[in-house]
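Single-structure report; data block below.
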Amino acid sequence: MSIVTSMREKIRAEIEKAIEQAKQEGKIKGEKLPDFVVEVPREKSHGDFATNVAMLLCKEAKMAPRAIAQIITENLVNEDWLEKVEIAGPGFINFYLHKSWLYAIVPQVIAGDENYGRSNYGQGEKVQIEFVSANPTGLLHMGNARGAALGDTLSSVMDAAGFDVSREFYINDAGNQIENFGKSLEARYLQLLGRDVPFPEDGYHGEDIIDTVKNIIGDVQDKYLDVDSEERRTFLVERALQEKITAIKSDLARFGVHYDVWFSEKTLHESGEITSVIQELREQGYIYEKEGALWLKSSLFGDEKDEVIVRSNGIPTYFAADIAYHKNKFERGFTRVIDIWGADHHGHVARMKGAVQALGYNPDNLGVILMQLVRLFQGGEIVRMSKRSGQYITLSELMDEVGKDAARFFFVMRSPDSHLDFDLDLAKAESSENPVYYVQYAHARINSILKANPQGELAKEKVDLSLLKEEAELDLMRKIADLPEEIVGAAVNSEPHRLTRYAHELASLFHSFYNSCRVLTDEEELRKARLLLVDAARITLRNVLTIIGVSAPERM
RNA sequence: GUGCCCAUAGCUCAGUUGGAUAGAGCAACGGCCUUCUAAGCCGUGUGUCCGGGGUUCGAAUCCCUGUGGGCACGCCA
C-alpha cells in the first residue's frame, strides 16, 4: 500500500476511534457514521490531510460543526506522527504530520524501481479493453489514433493498478462493408487493367486501395480479369485485407500499441455464434418478426427503439455480430469489458448494454468510453478530413510529422469527452510551448545530474534524508508519493488524462527544485540525500511516462 | 422534433465524485546563466464557472428549466 494511502487510513481510523469515544461519553449524539472523506487539501496551508466529518455529523448530532470538530480533536490520541491538528473554516479538521512520514517515500521508490506506482488495487480482475477496431478497408486516421493512445494508456494504467488487462482489436472483416470493399477493389482492378467500368457510388475512393490493387496486380497480373465476379471479389478481398491488416498492425506497433488478441468478426459468422445468440434471445422472448426482418426488443432495456438484427434478406446486421462478440467476451471470463468508440457511435451504447442485459449479464460490467472527434490544425487552419474523398491524414503520416511521443502525449492529454484540437505546429515545436518536451526535459536533466555525480554510485546506506528540508524538496517528495493513488484514480475512473497532468506537475516541481537546490553540493551528507531524492524523481517520472507510452530520454 | 455530450481567464483545457480564496499551459510584461542541461526558474493579472430557479452547513460539480454548439436518430457500420 502506498504511503499516502496508509496515512490516510491511519487518520481515518483515529477519527473513527475519537468519534466512537465521544459517543460513549455522550458528547456526540447519532447512530451511524457518515461517509466522510480524508483528503489532501488543495491549499498547503490547510495541512497534509483534512476531513469534513464534523460538517457531516452536525445534522444528526444537532450541533454546530466547529463544536463537533472540537470534541473530535480533543479525543484524538496524540500519536507521534501527528504534529498538530487544527479546526478551520466551516468545520474542517486539518492534520499536520511530522515531515518524517514523507522521507520514507524515497527509499521505497528506489527499492520499487520500475514497480513503483504499481498496486494490487484491481486484485487481478480480468478486464478486456477493445479499442481502435478500425475497418480494415483503409488506413488509420486521427480518430483511430486517439483511440489507440487512449486505449493503450488505459490498458497500461489498469495493469499498473493491478487489473489483469487484455488488449483487443476487433477486425470487421465481414458484412456489408466488406461487400462494398469487394466491389471497389473489383472496379479498380478492372480499371487498372484497361476495362472501362464505373466505380461504385458508395465505394472506397481512397488512393490507398488503388495502391493495394496495383500490388495485387504485380503478383497475379490479369489472372482474375475474365473469371466470374464472385471468384474475383473473394480473391481480391482476401488479399487486400491481408495487406491492410498487416499495415494497421505495423502502424500501431510503431505507435507503441501491441494487442493481445486480434479478433475476426468473420469467425463469429463461421462458428455459428451469431446464429446461436439470436436463438438464445429468441428463447428469452426478446425477438419478434416484422416486415420480414428479425427485431430485438431493445426498447425494453432503455434503447429508444427496437433494432433489426437480421435483415429481411436473411443477413444478420452488424449489431447481431456485435452481440455475439460481446457474449463471447464475457464467456471468456472477463468480468469487466471496456469498449472505446467514437462519439458518433453513442446511439449504439444503450442497445449494446441492453443486449448484454438480455443475455443475462450485468450491463454495468460493460463500460463504453466515447471519445469526441479530433480536429487537426496547421498554420491556424483546420485540416479537413474526409474519408469519402479519401483525403485524410493517417496515423503513419502523423508520426512522420510530429513523432510518436508528441502524438501520444497530445491524444492522452485531453479528457475523452472533450473535443481535441490537435495543433500540428505545436506538437512539432521543439520548444517550451510543447508540454511533451517540458516533461521529458526534466527526465533528461535528472540523468545529467546523476552522470555528473563524482561518486558515481548512489549512497544507499546511512543517508540522512531529514536534511531535505527545503520547501521545494518537500513538495517534490509529496508529489512523488502521490503516484500510486494517481494511477488507481486514472484506472478506476477510466481517465488516462490525469496521468499527463500528473507528469507535468511532477516535472514542474522538479524544475523548481533544480533551480533552488543545488544537488551536487560540497556538503557531502546533503548531496547524498539530494541524489537519492533526484533518483526517486527519475524513477517516478520514467514510470508515468512509460504508462503513457512516451519515451523518457536520458539526454536531450 | 427526440436522445446523448459539451459550455470555466484573450486561446486550449484541468478541476480528485458536494468542500475552504476556482487552477494549469499558451499568449503579454519584467527579472535570473562563471556553478548539476535557460527545451528551465522567479515575479506581475485575468473570471457573470452560459442565463434563471431549486436541493443544503456549503454547488463550477447534483436536480429542473431556458439559450448556444457538437453528434446520433438506416433492414449502414
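Computation of the quantities below employed the complete heavy-atom set of this structure, encompassing side-chain atoms and omitting hydrogens, waters and symmetry-equivalent molecules. Letters go in sequence order (proteins before strands), and every chain restarts at 1.
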- Task: Would you sketch RNA chain B in dot-bracket for me? Only Watson-Crick or G-U wobble pairs with both distances under 3.5 Å count, crossing pairs as [ ], other-strand pairs as |, the rest as dots.
- Result: (((((((..((((.....[...)))).(((((.......))))).....(((((..]....))))))))))))....
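A50(A) comes within 4.0 angstrom of a nucleotide base, judged by non-hydrogen atoms across all strands. Residue contacts shown for A64(A) are absent, as no nucleic acid heavy atom lies under 4.0 Å away. If you check every strand for non-hydrogen atoms under 4.0 Å, S415(A) touches sugar and phosphate atoms only. Across all strands, N94(A) comes closer than 4.0 Å to base atoms (heavy-atom distances).
Residue S418(A) places at least one side-chain N or O closer than 4.0 Å to OP1 or OP2 of A14(B). Note on R42(A): every side-chain N or O is 4.0 Å or more away from OP1 and OP2 of U16(B).
With G19(B), C36(B), G40(B) as the candidates, the nucleotide lying closest to the side chain of I449(A) is C36(B). Closest to the N52(A) side chain, of the nucleotides G19(B), A39(B), U12(B), is G19(B). Considering only the side chain of E43(A), G23(B) comes nearest among U56(B), G19(B), G23(B). Minimum atom distance to the side chain of M556(A) is reached by A39(B), of the listed U12(B), A39(B), G19(B). The side chain of L56(A) lies closest to C57(B) when the candidates are A14(B), C57(B), A39(B).
Across the interface with RNA chain B, nearest-nucleotide mapping of P41(A) and E495(A) shows E495(A) to be the residue nearer the 5′ end. Between V492(A) and R501(A), it is R501(A) whose nearest contact on RNA chain B lies nearer the 5' terminus.
Listed by residue number, the members of residues 510-520 of chain A with any heavy atom below 4.0 angstrom from RNA chain B are H511(A), S512(A), Y514(A), N515(A), C517(A), R518(A), V519(A), L520(A).
Atom NZ of K404(A) has more than 12 neighbouring heavy atoms from other residues, nucleotides or ligands inside a 6.0 Å radius. In this structure, N313(A) places its CG atom where more than 12 heavy-atom neighbours from other residues, nucleotides or ligands lie under 6.0 Å away.
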- Worked check of ring-ring contact (aromatic ring centres under 6.0 Å, His included) between F411(A) and F422(A): CA-CA 8 Å; F411(A) 282 127; F422(A) 196 114; 5.1 Å; yes
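When every heavy atom of I278(A) is checked against every heavy atom of A320(A), the shortest pair comes out as CD1-CB, 4.4 Å. For the residue pair K305(A) and S298(A), the shortest heavy atom distance occurs at O-OG, 2.9 Å.
A stacking contact links H46(A) to A20(B): the aromatic ring centre lies within less than 5.5 Å of the base's six-membered ring centre, and the planes differ by less than 30°.
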- At under 4.0 Å between heavy atoms, which parts of nucleotides 68-77 of chain B does protein reach? Answer with one letter per nucleotide, 5' to 3': B base, S sugar-phosphate only, - none. --SBSS-BSB
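Classified by interplanar angle (parallel below 30°, tilted 30° to 60°, perpendicular above 60°), the ring pair Y170(A)/Y325(A) is parallel.
Evaluated for a salt bridge (Lys or Arg N to Asp or Glu O under 4.0 Å) with K479(A), the options E505(A), E485(A), E486(A) yield exactly one hit, E505(A).
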